[in-house]
Every structure is written in C-alpha cells, then in structure tokens.
Amino acid sequence: MPKILSVALWVTFLTSPFVVIGLIRIIEQPALIQFVVTMVYALGVATFYILINRKYPVPSNVVTSYDFYVLFAIVFCLVVGNLDRTELTDIGFNFSAISKQSITEYLSIRVFFNLAGLSLLPSILAKISKWY
C-alpha cells in the first residue's frame, strides 16, 4: 500500500470517531438521525476495509495495523450494542419522548451495532489468529 494512502487512512480513521461522537453529542438531532450517522460510520469502516483488502491484497499471514483498527472498531460496535438505554442517553443519543417509538429506536440501535460487530468479527479474527 502506498505510504500516502496509509497516512491518509490513519488520519481519517483516527479522527472520524471523534467527529461522529461530536455530531451525536453537540447537535440536538432525533435518534433516527444519530442512528444514521453512526450506521454510516460503522459501514464506512467495514467498506474501506473490504476495498483496501481487494485493492492492496496482503498475504493472509500478515496482519496490518489497519486490521487492528478494524478490530477495535468491531469491539466498539459490540460495546455500544450492549449498552442500556440510560447509558446511550448519557452518551448523547436523543430518544423519542413517545415510549413505543423510543423502545423501537433503542432496539434498532442495539440490533445494528451487534450485527455490525458480529458479522465482521469472524473474518478479522481468522486473519489475526493466523498471525499468532
């Protein structure tokens, strides 16, 4: 992988979690908008990982620093997927005042983050386990 691309990816991916958290905490948006922002971030990390592995194939026994970054992003998704509603509210998610709608928003966030983390976890762990 070219050095400039590697540096650009690291700058982008090291700053993007702070941008996403800033958008969630600072802007008073409904939970649906916050959910879409976090979903785009999580899917973006997964998409870039897939595209980079296709464009710059690395032998399966070599683990790059980007693999570890994706692993940490997966752990982040799994942790957020296991937070309860009050913890998500403390982070900055704005759930609806309508009880039924707020439960739907909360369950959607949990399901998405758990599915995002669990769907990518086996492939990255298989690659990392070959390295050890």
Is it possible for you to say whether Leu88 and Leu107 belong to one hydrophobic cluster, with membership spreading through side-chain heavy-atom contacts below 4.5 Å?
-> yes
Over all atoms of both residues, closest heavy-atom pair of Leu83 and Tyr106 | O-OH, 3.1 Å
What is the distance from atom OG of Ser119 to atom CG of Asn114, rounded to the nearest 0.5 Å?
-> 10.5 Å
Could you please spell out the steps behind the side chain to side chain contact (heavy atoms under 4.5 Å, CB included) verdict for Ile109 and Phe95?
-> CA-CA 11 Å; Ile109 289 172; Phe95 293 108; 3.8 Å; yes
Do Leu115 and Leu118 share a hydrophobic cluster, counting only Ile, Leu, Val, Met, Phe, Trp and Tyr and linking them when any side-chain heavy atoms are less than 4.5 Å apart?
-> no
Below 3.5 Å, can you tabulate the donor-acceptor pairs from side chains in residues 75-82 to any protein atom, sequence neighbours excluded?
{"from": "Asn82", "atom 1": "ND2", "to": "Leu78", "atom 2": "O", "distance (Å)": "2.9"}

Enter the distance from Thr89:OG1 to Asp84:CG here, rounded to the nearest 0.5 Å.
-> 8.5 Å
For the residue pair Arg85 and Ser96, what are the closest heavy atoms and their distance?
-> NH2-O, 4.3 Å
Hey, does Thr104 have a side-chain heavy atom less than 4.5 Å from the side chain of Gln101?
-> no
Please identify each residue that fulfils ring-ring contact (aromatic ring centres under 6.0 Å, His included) with Phe112, with sequence neighbours left out.
-> Phe35
